[in-house]
K.L.:
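Pasting a structure below so you can have a look.
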Amino acid sequence: MTNMKSFSVTTTSVEGTIPPAVFDGMRKLRQLYMIDSEISGTIPTEIGYLESMVNFRCFGIDLSGTIPTEVGLLTSLEMMVLRNVGCTGTLPTELGDMVSLVQLYLSENDLQGTIPIELEKLNDLNELSLLGNLKLTGTPPDLCDLTTYQLDPYFDCPCCT
C-alpha cells in the first residue's frame with residue numbers, strides 16, 4: 001500500500017474504523033474518499049502523515065470527535081470536505097497552515113466556537129462553507145474575495161452568500 005495514490009470507500013457496506021497505522025503506510029496517497037458508507041470513529045491524528053494528499057472528501061459517514069490539529073500538516077491539500085460527518089469541537093487554528101487549500105466544506109456538523117482568523121492566511125481559498133454548525137459564534141474572518149462563502153444567517157457577514 002505504500003505507493004497507493006487513491007483510496008475510496010463509497011456507497012458500500014464496509015463498516016468500522018480505519019486503523020491509524022493505515023495512514024502511516026499510505027504516505028504517497030493523493031486522494032482519500034469516504035462517502036455514504038458505514039465508516040465510523042474519529043479522524044486519526046496520523047492523517048498528518050499524508051503530506052502528498054490533495055483531495056480529502058468525507059460525507060454521509062459517522063465520524064465523531066474533533067478535527068485534529070494535524071490537518072495543518074496537509075500543506076498540499078487543495079480540497080477538504082467533511083460534510084455531515086459528526087465532527088464536534090472547535091475549528092483548529094492550524095487550518096490556516098493548509099496553504100494550498102482552495103475549497104473547504106465543513107457544513108452540517110456540530111462545530112462550535114469562533115471561526116479562526118487564521119483562515120485569512122489561505123490565499124488560494126475560493127470556497128468556504130460552514131453552514132449548519134449552529135454553535136459557531138463571533139465575527140467571521142474577512143474573506144469577502146471568496147467565490148463561495150456560506151455561513152448561517154445569524155452571522156453578521158455582509159459578504160456571505
Side-chain angles (χ1 to χ4, degrees), residues 1-10 17-35 39 41-61 63-133 136 138-151 157 159-160:
M1 285 201 305
T2 59
N3 291 317
M4 185 180 295
K5 302 283 191 229
S6 182
F7 182 75
S8 179
V9 179
T10 59
T17 61
I18 297 178
V22 169
F23 290 115
D24 190 27
M26 299 169 72
R27 291 181 185 242
K28 294 182 181 179
L29 193 69
R30 296 187 48 82
Q31 299 180 78
L32 176 58
Y33 303 113
M34 293 183 282
I35 301 168
I39 300 293
T42 61
I43 301 171
T45 58
E46 290 80 1
I47 191 125
Y49 294 156
L50 305 179
E51 296 171 355
S52 299
M53 189 161 56
V54 294
N55 255 313
F56 179 38
R57 298 183 198 187
C58 296
F59 52 88
I61 62 175
L63 294 178
S64 61
T66 61
I67 300 170
T69 59
E70 288 78 5
V71 297
L73 300 172
L74 303 176
T75 56
S76 297
L77 197 66
E78 296 173 5
M79 174 184 262
M80 184 162 89
V81 178
L82 297 173
R83 185 173 55 83
N84 192 24
V85 295
C87 288
T88 60
T90 59
L91 292 169
T93 58
E94 290 80 3
L95 288 170
D97 297 333
M98 300 168 74
V99 294
S100 299
L101 205 58
V102 176
Q103 298 171 314
L104 178 60
Y105 293 91
L106 303 174
S107 54
E108 301 173 45
N109 286 292
D110 195 21
L111 298 168
Q112 61 189 11
T114 59
I115 301 169
I117 194 76
E118 288 80 3
L119 292 181
E120 291 181 4
K121 298 188 309 186
L122 301 176
N123 295 327
D124 293 335
L125 190 65
N126 284 326
E127 299 179 21
L128 173 65
S129 179
L130 298 169
L131 288 170
N133 290 289
L136 284 176
T139 304
D142 182 6
L143 298 169
C144 290
D145 293 336
L146 298 180
T147 304
T148 303
Y149 192 7
Q150 298 176 326
L151 295 174
C157 177
C159 62
C160 298

K.L.:
Specify the closest pair of heavy atoms between Ser129 and Gln150, including all atoms of both residues, with the distance to one decimal.
P.N.:
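Result for this residue pair: OG-OE1, 2.9 Å.
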K.L.:
Between Cys87 and Leu106, is there a side-chain heavy-atom distance shorter than 4.5 Å?
P.N.:
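Leu106 does not reach Cys87 side chain to side chain.
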K.L.:
For Pro92 versus Pro116, what's the shortest heavy-atom pair and its separation?
P.N.:
O-CG, 3.9 Å
K.L.:
Can you measure from CZ (Phe56) to CD1 (Ile43) and round to the nearest 0.5 angstrom?
P.N.:
5.0 Å
K.L.:
Please examine the side chains of Lys5 and Lys28, heavy atoms only from C-beta on, and report whether any two atoms are closer than 4.5 Å.
P.N.:
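Yes. Closest side-chain heavy atoms under 4.5 Å.
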K.L.:
Do you know the tightest heavy-atom contact between Ile115 and Leu136?
P.N.:
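Result for this residue pair: CG1-CD1, 4.4 Å.
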K.L.:
Under 3.5 Å, is there a donor-acceptor pair between the side chain of Asn109 and the main chain of Gly86?
P.N.:
yes
K.L.:
Is a side-chain donor or acceptor of Ser100 paired with a backbone partner of Thr75 at a separation under 3.5 angstrom?
P.N.:
yes
K.L.:
Find the distance between CE (Met80) and CG (Leu32) and round it off to the nearest 0.5 Å.
P.N.:
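Taking CE in Met80 and CG in Leu32, the distance rounds to 12.0 Å.
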K.L.:
At what distance, to the nearest 0.5 angstrom, does CG of Leu128 lie from CD of Gln103?
P.N.:
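These two atoms lie 11.0 Å from each other.
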K.L.:
As an exercise, state the distance from CG of Leu131 to CD of Glu108, rounded to the nearest 0.5 Å.
P.N.:
7.5 Å
K.L.:
Relative to Tyr33, does Arg57 satisfy both conditions: NZ or CZ under 6.0 angstrom from the six-membered ring centre, and within 45 degrees of the ring's axis?
P.N.:
no
K.L.:
Can you measure from CG (Leu151) to OG (Ser107) and round to the nearest 0.5 angstrom?
P.N.:
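Answer for the CG-OG pair, Leu151 versus Ser107, is 11.0 Å.
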K.L.:
Just do the side chain to side chain contact (heavy atoms under 4.5 Å, CB included) check on Asp97 and Glu118 with the steps written out, would you?
P.N.:
CA-CA 8 Å; Asp97 297 333; Glu118 288 80 3; over 6 Å; no
K.L.:
Flag the pair Glu94 / Leu73 as yes when at least one side-chain heavy-atom distance between them is below 4.5 Å, and no otherwise.
P.N.:
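Result no, sub-4.5 Å side-chain heavy-atom pair not found.
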K.L.:
Please name the pair of heavy atoms, one in Thr88 and one in Leu111, separated by the smallest distance, quoted to 0.1 Å.
P.N.:
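Heavy-atom minimum between the residues: O-CD2, 3.8 Å.
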K.L.:
Could you go through the side chain to side chain contact (heavy atoms under 4.5 Å, CB included) check for Leu50 and Met26 one step at a time?
P.N.:
CA-CA 7 Å; Leu50 305 179; Met26 299 169 72; 4.3 Å; yes
K.L.:
Would Thr90 and Thr66 count as a side chain to side chain contact (heavy atoms under 4.5 Å, CB included) if you check the C-alpha gap in whole Å, the side-chain angles of each, and the deciding distance to 0.1 Å?
P.N.:
CA-CA 7 Å; Thr90 59; Thr66 61; over 6 Å; no
K.L.:
Okay, side chain of Asn126, backbone of Thr147: is any donor-acceptor separation there less than 3.5 Å?
P.N.:
no
K.L.:
Show the nearest heavy-atom pair for residues Met98 and Gly72, with the distance to one decimal.
P.N.:
CG-CA, 4.0 Å
K.L.:
Can you give me the closest heavy-atom contact between Glu120 and Asn123, atom names plus distance?
P.N.:
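In this case the closest contact between Glu120 and Asn123 is O-OD1, 4.2 Å.
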K.L.:
Find the distance between CG (Leu91) and OG1 (Thr69) and round it off to the nearest 0.5 Å.
P.N.:
13.0 Å
